[in-house]
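Below is the structure I would like to discuss, written out as structure tokens.
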Number of protein chains: 2
Amino acid sequence: MSTLKTQYHHGDLTKSLLESASLIIKEQGVESLSMRKLADTVGVSRTAPYHHFKDKNALLCALAEQGFYEQAKMLHSLRAQKNTAEEGFKKYVHAYLEYALQHNETYDLMYGRTLWKAGNPSDSLKAASKQTFKAWIDWVEELQEQNILPSNNTPLRIGQTTWASLHGLARLFIDGIYLDTEDLSDMVEQMIKNLCSASA
Amino acid sequence: MSTLKTQYHHGDLTKSLLESASLIIKEQGVESLSMRKLADTVGVSRTAPYHHFKDKNALLCALAEQGFYEQAKMLHSLRAQKNTAEEGFKKYVHAYLEYALQHNETYDLMYGRTLWKAGNPSDSLKAASKQTFKAWIDWVEELQEQNILPSNNTPLRIGQTTWASLHGLARLFIDGIYLDTEDLSDMVEQMIKNLCSASA
DNA sequence: AACCTATCTTGACAGTGTCAAAATTGCATG
DNA sequence: CATGCAATTTTGACACTGTCAAGATAGGTT
């Protein structure tokens, strides 16, 4: 038994790596995160990180997973507020996009091709994402009952399409296709109208 | 004056490079396209491509630009068909997603972060994209007049949000987040309902 | 025939991810 | 307390990447 599992040489390399990596991608983008530079900034040799993460892919998966937990926390705190169902939904949509834009690099890892297509999403990442999605679908079902989202299809379908819409909006900004963030709130408002109108 | 500008050693390297690159990304993804391997498959030395494209970035920009022209062609041929406005729109939505999924790697270059955020979109790429977008907005205006798309906002806003929705749907599949393409057509149908319902 | 210039090649450099083997170090046991 | 074990870190190495600089080649023009 040990009191602190990773107090050997560095302190807590795993944690340090994640924090440093998170900072680097936030400030310089995922593509300029290299295992070697990361090791260097943490003050450790090139290959040390490989004893804490199998891969660069594994490191990125861990970052993405953190993102899902953060996002879930946000969702829960929003649902805890006493809002009308409609207000709650609107606030969530705004919050979703705010999160996406503010943590754009993490968002990209969570929902981008880096991990899901080009990479190899870890089992725990898949689990985290699935859980988030399930929570969303459950809420969609409620919102349908409350006549806020359209009921012309199953919760799954409505959940998929509305999520896709938010996701698409997020990506346009995140990926640098749209740059005037001034238009954003207007676009979000219009998107909400699009999503809700079918239930009116 | 020369009859064939690039008949020197290879034939038409520029064209060969684009074709080969297009094939490689289609079959193996953008991330496994390397300038060196590309040069090799075309049968030319490592740095030969650099006399035809300043950069890897420039090569990718050219590929993306081609994509925009293809997509524009598709749009025009669809508008040439004699459809009701509504049918025309529906067909376009389906066609848009079909194109995105079939040419997923090109689509990613056209609308992804590789060029627009991490990279450096060329002027002609920007122009092509802007033109495509403008054509879309013009059409949206028509569709609003024909009461197919909602009129509760400007053509620009409606164009932005509906495009974002389609884009988001496309990305979910392209990026490997959604894998059951069986659900696709259902999701597209629902998406169309979402987009159009506000005008009913 | 000579030259110019577009084209292509060879050599080189800095950077990447990551494997294998060696070195270090802290903890628990004899 | 010493010894050994296992977790941790390092050094060395390899194959790969993009791309610059300098030289070779060869087609068209004068």
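Keep in mind that the numbers below use all heavy atoms, side chains included, and drop hydrogens, waters and symmetry copies. Just so we're on the same page: letters track the sequence lines, and every chain starts at 1.
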### Query
With a 3.5 Å cut-off and just heavy-atom distances, do the side chain of A:Thr47 and the base of D:dT11 make a donor-acceptor pair?
yes
### Query
Is there a side chain to side chain donor-acceptor pair (under 3.5 Å) between A:Trp163 and A:Tyr96 once you walk through the steps?
CA-CA 10 Å; A:Trp163 173 42; A:Tyr96 185 94; 3.1 Å; yes
### Task
Mind calculating the distance between CE (B:Met35) and P (C:dC8) to the nearest angstrom?
13 Å
### Task
Output, in order, the C-alpha distance, side-chain angles, deciding distance and verdict of ring-ring contact (aromatic ring centres under 6.0 Å, His included) for A:His103 and A:Tyr99.
CA-CA 6 Å; A:His103 306 76; A:Tyr99 175 86; 4.4 Å; yes
### Task
Let me know the distance between OH of A:Tyr50 and P of C:dA20, rounded to the nearest Å.
13 Å
### Query
Choosing from D:dT9, D:dT17, D:dG18, which nucleotide comes nearest the side chain of A:Ala48?
D:dT9
### Rounded interatomic separation in angstrom, taking CG from A:Leu60 and C1' from C:dG17
12 Å
### Query
Under 4.0 Å between a side-chain N or O of B:His51 and OP1 or OP2 of C:dT9?
no
### Message
Between P on D:dT17 and NZ on A:Lys37, what's the gap in Å once rounded to a whole number?
### Response
20 Å
### Distance below 4.0 Å between B:His52 side-chain N/O and C:dC8 OP1 or OP2
yes
### Query
Which part of the nucleic acid, if any, lies within reach of B:Lys54 when heavy atoms closer than 4.0 Å are counted: base, sugar-phosphate only, or nothing?
nothing
### A:Arg113 bridged to A:Asp108 by N-O distance under 4.0 Å
no
### Message
Any donor-acceptor pair, under 3.5 Å, between the side chain of B:Arg46 and the base of D:dT17, if you only look at N and O atoms?
### Response
no
### Query
Just to confirm, is there a sub-4.0 Å distance from OP1 or OP2 of C:dT16 to any side-chain nitrogen or oxygen of A:Ser34?
yes
### Task
Mind calculating the distance between CG (A:Leu17) and P (D:dT8) to the nearest angstrom?
13 Å
#### Entry: Of A:Gly43 and A:Arg36, the one whose closest DNA chain D nucleotide lies more 5'
A:Gly43
### Message
Looking at B:Lys90 and B:Glu86, is any side-chain nitrogen of the basic one under 4.0 Å from a carboxylate oxygen of the acidic one?
### Response
yes
### Query
From the list C:dG17, C:dT9, D:dT9, which nucleotide is the closest neighbour of the side chain of A:Leu13?
D:dT9
### Message
Reading DNA chain C from 5' onward, which residue's closest nucleotide shows up sooner: A:Asp55 or B:Ser45?
### Response
B:Ser45
### Task
Report yes if the side chains of A:Asp183 and B:Gln160 come closer than 4.5 Å at any heavy-atom pair, otherwise no.
yes
### Message
How many whole angstroms separate atom CG of B:Asn57 from atom P of D:dT17?
### Response
18 Å
### Message
Measure CD/A:Glu31 against P/D:dG18 and give the value in whole Å, please.
### Response
15 Å
### Query
Whole Å only: how far is the CG atom of B:Asn120 from the P atom of D:dG18?
17 Å
### Task
Looking at every strand, decide which applies to B:Leu59 at a 4.0 Å heavy-atom threshold: base, sugar-phosphate, or nothing.
nothing
